[in-house]
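Report on one structure; see the data block that follows.
Residue numbers begin at 1 in each chain, while the letters A, B, ... track the order of the sequences. Predicted model only: the values in this text are computed from it and were never measured.
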Amino acid sequence: MIYLDNSATTRTLDAAADAARTYMTTRFFNPSAAYSAAAETEKAVEAARARLAFALDAKPEEIVYTSGATESNNAAISGALKAMRGKGRLIVGATEHPSAYEVVKAYSRQGYDVVEAPVDSTGAVDLAALSTLLTEDTRLVSVMQVNNEVGAVNDCAAIYRAVKAAAPEAVVHTDGVQGFLKVPFDAKDCDFYALSAHKFHGPKGVGALYVKTGVRFAGGQAGGGQEKDRRSGTTNTPGIMGMDAAVADYLAHLEEYRKHMMACKLRLAKNLSGIRDVLINGPKPAQGAPHILNVSILGVRGEVMLHALEAREVFVSTGSACSAHKKGKNRILTAMGVTGARQEGALRLSLCPFNTLEEMDAAAAIIAEQAAFLRKYKRR
Amino acid sequence: MNQVLLVRYGEIHLKGLNRPFFERKLLDNIRAALAGLDAAVRFDQGRIFVEGVAAEHVEEACLRLTRVFGVHSISPALAVEKEYTAVAAAAESVMEASMKEGGRTFKCFCRRADKTFPMDSQQIDRELGHDMLERFPELRVDVREPQIKLCVEIRDRAFVYAREIMGAGGMPTGTAGRAMLLISGGIDSPVAGYMMARRGIELSAIHFYSYPYTSERARDKVVKLTELLARYAGPVKLHLVPFTEIQLAIYDRCPPKETTILMRRLMMRIAERVAEADGARALVTGEALGQVASQTLESLCVTDDAADMPVFRPLIAFDKDDIVNVAKKIGTFETSILPYEDCCTVFVPAHPVTRPSVAGLRASEAAVDFSEMIEKARAEAEVLEVN
């Protein structure tokens with residue numbers, strides 16, 4: 001099997017699964033309990049929090065554990081707005097993930113002025129266009145660090161500066177689900193940052209939200225007051241400790257992993273570029289995130305190619321798994337100006353540090369062979 | 001006081017000497033539909049009585065009965081002794097329930113099948129109306145358009161009810177023989193199957209898939225649609241036939257404009273053979289005249305030419321909107337619109353022929369020897385008993 005759908009989810013690291021198991025079976029105590037065994041569990045969770053904060057150049061108290069990306073994005077947006085007085089403008093990137101995009105969009109029904117920040121042909125937010133949208137009454141700007149379908153990397157530092165210059169009251173939320181650990185990021189360049197463990201070999205159902213000190217936040221579910229009253233609910237120790245093991249592994253190999261994924265991606269891009277009528281969507285491979293490559297194989301519908309590859313044990317996707325069940329056009333590619341046959345033939349190949357260069361060659365060869373075969377049966 | 005479901009049936013009343021056959025079948029189907037609910041089902045004087053269903057399962061039982069073809073309507077009723085005070089007590093409890101639903105105007109409607117009962121229908125209506133008004137001062141009588149129609153039937157016992165739930169109508173499944181439905185996974189074919197089953201047909205179904213180019217999910221979707229259909233039609237024997245080899249042969253060796261219509265002819269041929277083996281006597285499709293290129297009159301003639309069995313197309317004169325409405329009503333729509341490629345969309349010609357000729361297509365088909373491929377597809381078909 002060659003698994004090239006790591007942006008949908010990754011295989012959980014053995015160390016992460018082991019850690020989760022330990023905190024389910026032996027160290028299962030509720031960290032909020034009073035006895036010393038529970039206190040030890042609490043210490044472990046706090047150590048994990050410190051490590052996660054370190055990865056973002058943040059302070060431990062700025063990390064709130066959540067159930068994952070969707071909760072983090074929802075909580076950041078609604079929690080920030082709830083803490084503010086008065087309505088105003090909300091700006092959302094045109095290619096945001098639905099878990100941020102739909103949340104911001106829904107505020108238009110509550111009297112907010114919701115506008116979309118357009119992206120350029122590579123899928124990155126157009127900074128000049130964003131600047132013209134910024135008004136004094138802008139309340140929130142939500143732009144992702146790395147686009148999940150094409151791997152475009154946004155200039156988060158520049159976006160943060162531009163927003164704060166034009167609208168000092170506005171908060172900036174960065175969806176870091178695809179970018180965390182894979183592309184350098186410093187928490188000083190955002191007010192909120194969302195991440196999810198299963199995108200970097202941690203377990204599913206756990207993630208975190210970074211909330212900058214001093215930024216007002218009224219989000220999170222109410223209840224027992226865990227996470228410093230920012231997210232009630234029994235602490236998910238197996239998830240958190242599993243995520244911690246994955247963070248630790250990534251941090252121990254950070255440069256190596258990033259370089260290796262980029263080498264694999266460049267090899268794959270080069271191999272695929274050798275096939276007739278294959279176009280790369282999004283940024284130039286060397287400029288995008290190291291793990292996401294989006295290509296269009298003209299003349300073969302994405303879903304047909306996907307299943308043809310599946311039969312050869314190569315797993316890819318035609319777009320975000322969160323959109324795969326929706327019919328119609330791909331919003332992300334459309335926003336980038338990728339339409340028609342090019343959109344129909346689009347495939348996303350997403351990598352992890354454990355893919356190999358040999359896999360890139362083998363996958364490209366299978367794609368080339370299937371493209372040649374299936375093109376015989378295209379519309380004519 | 002006993003909870004009973006009164007079940008009325010429709011068109012069977014028009015039957016003559018073979019009426020008991022239809023009634024028996026309907027009774028069997030009702031028993032099957034109510035399996036697991038401890039229901040005792042009994043037939044008496046043109047009515048079906050369901051007893052023994054626990055109070056918390058009455059709504060479920062009613063829902064299941066609305067899916068049994070041949071049922072005209074259902075009324076959850078209270079059965080009591082044939083004695084006025086018992087009838088009045090039951091009426092009070094039925095009225096209370098109806099008023100909780102918001103009803104404030106009513107009329108009484110009594111039918112006395114047992115003429116030995118001392119009061120006649122009008123007397124019962126008057127007495128009961130009087131008692132209800134006394135018991136529930138906020139009620140008013142409205143004989144023209146009552147919100148609550150309080151019904152009493154005097155039979156071997158007295159039955160009191162106010163609700164009448166409409167059934168699916170049609171004829172009992174299994175009274176009209178077996179037919180083979182060509183099911184694609186789209187909106188139309190499940191509706192076509194439903195409509196034929198509603199006339200008493202037992203269904204087999206056949207689906208063609210293009211492994212590996214159509215997904216496991218596309219297959220699961222067809223199984224799911226068949227399950228939804230089986231809620232009405234009873235058990236369906238589903239044949240899943242691999243079609244890729246035939247499709248590729250058509251694309252390799254036949255005129256591009258004719259690929260779709262040739263595919264359909266070959267599907268008919270395979271469906272007919274499988275149908276024969278299943279004891280089915282007709283084919284059923286979801287085609288509607290003019291909906292797409294393969295459903296023009298000319299195309300339908302060419303498709304028909306490939307089958308000897310009659311081909312039933314219950315949707316032939318339906319607009320798409322009408323089909324969608326039925327699909328929503330029977331609960332197949334949401335599943336039908338799941339966006340997976342099916343064997344007809346994987347490879348589509350840009351400009352399919354819309355006015356094919358029978359002679360022309362016979363010639364195109366004859367140019368390739370499909371017989372071995374057809375046998376192979378049949379042999380490799382997977383058969384599921386879907387309930």
Only pairs under 3.5 Å count here: list side-chain donor-acceptor contacts from residues 321-328 of chain B, not counting sequence neighbours, and write none if there are none.
{"residue": "B/D322", "atom": "OD2", "partner": "B/D319", "partner atom": "N", "Å": "3.4"}
{"residue": "B/N325", "atom": "ND2", "partner": "B/D321", "partner atom": "O", "Å": "3.4"}

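Taking all atoms of both residues into account, the shortest heavy-atom contact from B/S215 to A/H307 is CB-CE1, 2.7 Å.
The structure places OH of B/Y213 at 12.0 Å from CD of A/E310, a figure rounded to the nearest 0.5 Å.
By the 6.0 Å contact criterion, CD on A/Q110 is enclosed, its count of non-hydrogen atoms from other residues, nucleotides or ligands being greater than 12. With a 6.0 Å radius and a threshold of 12 heavy atoms from other residues, nucleotides or ligands, A/K204 has its NZ atom above the threshold. Around the NZ atom of B/K320, the shell of radius 6.0 Å holds more than 12 heavy atoms that belong to other residues, nucleotides or ligands.
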message: I'd like to know whether A/F373 forms a side-chain contact (heavy atoms from CB on, under 4.5 Å) with B/L248, so could you lay out the CA-CA distance, the side-chain angles of the two residues, the decisive distance to 0.1 Å, and finally the verdict.
response: CA-CA 11 Å; A/F373 175 71; B/L248 295 183; 3.6 Å; yes
